[in-house]
Amino acid sequence: MDDANSNSGAGCEASPLRPDITPSAIVRYLDQYVIGQDEAKKTMAVAVYAHYRKVGPARAEAATTTKSNVLMVGPTGTGKTLMCETLSRAIDVPFVTADAPSLAQTQYVGDEIEAMLERLVDRADGDVLRARRGIIFIDEVDKLKAVGGQGRGVSGEAVQNALLKIMEGAPVKLRDGRYIDTTDVLFICGGAFVGLDQILTRTHSFGFIATSDGENQRILDRLNARVKPTDLFEFGLIPEFAGRLPVVARLGDLSREMLMRILAEPRDAIYRQFRELFRAEGVDLVVEPQVIGQIADLAIEYKIGARSLRGIFEEMITPALYVVPDRKDIRRVVFRSLFEDADFVCG
Ligand SMILES: Nc1ncnc2c1ncn2[C@@H]1O[C@H](COP(=O)(O)OP(=O)(O)OP(=O)(O)O)[C@@H](O)[C@H]1O
Ligand SMILES: [Mg+2]
């Protein structure tokens, strides 16, 4: 078998791609790109670490561990897809994403699943053995109920049944006649599951216990936050499907402070990207902290998590970006309020 670490470090200098990778190293890597969501980060890191131990370069002793597919639950725009994409860069295994509703929009869900596995093999440079140890991220599984069943598509339930098979580890025939065994593939499913919290408070008998001890309260909170397969039934997930996602990573709403950090802190933060863009014009871009706060406030109103940040930021910056290339005398552009024009400092 070839070395699973063969393209380590590709395009990613901060990657902890080492045989001695640990969950905390994965979290530290995630911290560079994903703000907050600490519990979810830990859960994901442990699941992916376990997968890596099972299939990665140091796989020997943990080879018999059964796999724990993961369900990521959290409001829209709070970092589910981002976390998965970042994880895929953090560890060196082939990774593909698929969108559950689009799997249901075809007549033959089997073809779509085959295509998804073909992509996984592509990501592994055609090496089926390497693809067998990959990760498949299926997004928006909570939308499976609403789609299909009518028109040309198949029902969400048919999609779940098809996914069930490969989650269990069925050999799937590829176009070139080779087979890929999916037993060791790690499946991560994601969804916003709007309203899940209400369902949880209804279905958990210990929902109202509180203790004075902080540590115990944390454990209780965690129990309270546990999602049972039956809780997912209302979203159209059949119990067999939900039951194959034993690990649940929950993401929370983003606070004002987190939204502010998202604008400026991650390695690829919006503010950094635009500072870079202005720097290429020989201009120093300054967005004062109160403006970052105003943008966060607006984003909270839009209720789509961090997703609206970029649009708001770009709208603010566009007039300045229009002017700057014509004006070689401008040295500095300073934003002091989201609702006022920028100051141009010439030199
Ligand atoms: N916790 C976070 N840290 C840093 N950036 C974030 C975070 N959450 C969201 N973002 C930003 O918002 C964008 C959208 O987030 P993402 O795609 O991860 O949302 P999602 O949780 O998958 O939402 P949906 O349920 O709608 O698919 C990301 O590309 C990223 O720029
Ligand atoms: Mg997403």
Side-chain angles (χ1 to χ4, degrees), residues 1-8 10 17 44 47-60 62-72 81 84-85 87-141 144 154 156-190 238 240-247:
M1 227 175 268
D2 75 348
D3 180 6
N5 228 14
S6 54
N7 62 353
S8 45
L17 296 173
M44 295 299 292
V48 165
Y49 170 76
H51 177 69
Y52 198 68
R53 290 291 288 171
K54 195 173 147 201
V55 303
R59 62 185 165 275
T64 53
T65 325
T66 49
K67 78 173 158 187
S68 294
N69 297 320
V70 186
L71 179 66
M72 287 181 106
T81 304
C84 271
E85 281 170 356
L87 271 173
S88 76
R89 299 198 307 266
I91 66 160
D92 181 35
V93 295
F95 179 90
V96 290
T97 63
D99 185 52
S102 68
L103 290 179
Q105 271 156 20
T106 50
Q107 233 157 353
Y108 302 105
V109 65
D111 289 354
E112 287 298 307
I113 286 182
E114 187 204 297
M116 182 170 84
L117 293 167
E118 294 273 1
R119 278 195 286 131
L120 190 67
V121 175
D122 283 348
R123 290 289 163 84
D125 303 319
D127 181 345
V128 173
L129 287 179
R130 214 165 101 70
R132 280 173 52 172
R133 309 180 217 133
I135 298 178
I136 294 181
F137 176 48
I138 301 168
D139 213 349
E140 309 211 41
V141 291
L144 277 177
V154 296
E157 199 169 320
V159 174
Q160 292 177 57
N161 278 309
L163 287 172
L164 267 180
K165 287 207 196 88
I166 58 166
M167 285 163 100
E168 287 293 275
V172 176
K173 195 173 178 183
L174 300 170
R175 270 200 302 271
D176 61 8
R178 290 186 295 175
Y179 283 85
I180 175 167
D181 180 334
T182 54
T183 310
D184 287 336
V185 171
L186 180 69
F187 288 85
I188 301 173
C189 294
I238 56 173
E240 298 92 317
F241 181 72
R244 279 167 181 79
L245 298 164
V247 179

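In this structure, Gln160 contributes its side chain and Phe241 its backbone to no donor-acceptor pair below 3.5 Å. Judged by distance alone, the side chain of Arg133 and the main-chain N or O of Lys54 form no donor-acceptor pair under 3.5 Å. The backbone N or O of Asp127 lies less than 3.5 Å from no partner atom in the side chain of Asp125, so there is not a single donor-acceptor pair.
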Query raised in the report: Going through the checks in order, is the side chain to side chain contact (heavy atoms under 4.5 Å, CB included) test met by Val48 and Val93?
Result: CA-CA 10 Å; Val48 165; Val93 295; over 6 Å; no
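Between Phe95 and Leu87 the shortest side-chain heavy-atom distance does not fall below 4.5 Å. At least one side-chain heavy atom of Thr81 sits under 4.5 Å from a side-chain heavy atom of Phe137.
For CD of Glu114, the number of neighbouring non-hydrogen atoms (other residues, nucleotides, ligands) closer than 6.0 Å is greater than 12.
For the side chain to side chain contact (heavy atoms under 4.5 Å, CB included) test with Met167, the passing option among Thr182, Leu186, Leu245, Ile136 is Leu245; the others fail.
Side chain to side chain, Asp111 and Thr106 fail the donor-acceptor criterion of an N or O pair below 3.5 Å.
The shortest heavy-atom contact between Ser68 and Val247 is CB-CG2, 3.5 Å. Residues Ala124 and Ala131 share a closest heavy-atom pair of CB-N, 3.6 Å.
Interatomic distance, Cys189 SG to Arg244 CZ, rounded to the nearest 0.5 Å: 12.0 Å. Between atom CD1 of residue Ile113 and atom CG of residue Leu103 there is a gap of 6.0 Å, rounded to the nearest 0.5 Å. Expressed to the nearest 0.5 Å, how far CD of Glu157 lies from CG of Leu144 amounts to 10.0 Å. Put simply, CZ on Arg130 and CG on Leu120 are 9.5 Å apart, with the number rounded to the nearest 0.5 Å. One finds the CD atom of Glu140 at 11.0 Å from the OG1 atom of Thr97 (value rounded to the nearest 0.5 Å). Between atom CD1 of residue Ile188 and atom NE2 of residue His51 there is a gap of 8.5 Å, rounded to the nearest 0.5 Å.
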In residues 172-180, what donor-acceptor pairs under 3.5 Å come from side-chain atoms, sequence neighbours left out?
from: Asp176; atom 1: OD1; to: Arg178; atom 2: N; distance (Å): 3.0
from: Asp176; atom 1: OD2; to: Arg178; atom 2: NE; distance (Å): 2.9
from: Asp176; atom 1: OD2; to: Arg178; atom 2: NH2; distance (Å): 3.2
from: Arg178; atom 1: NH1; to: Gly126; atom 2: O; distance (Å): 3.1
from: Arg178; atom 1: NH2; to: Gly126; atom 2: O; distance (Å): 3.2

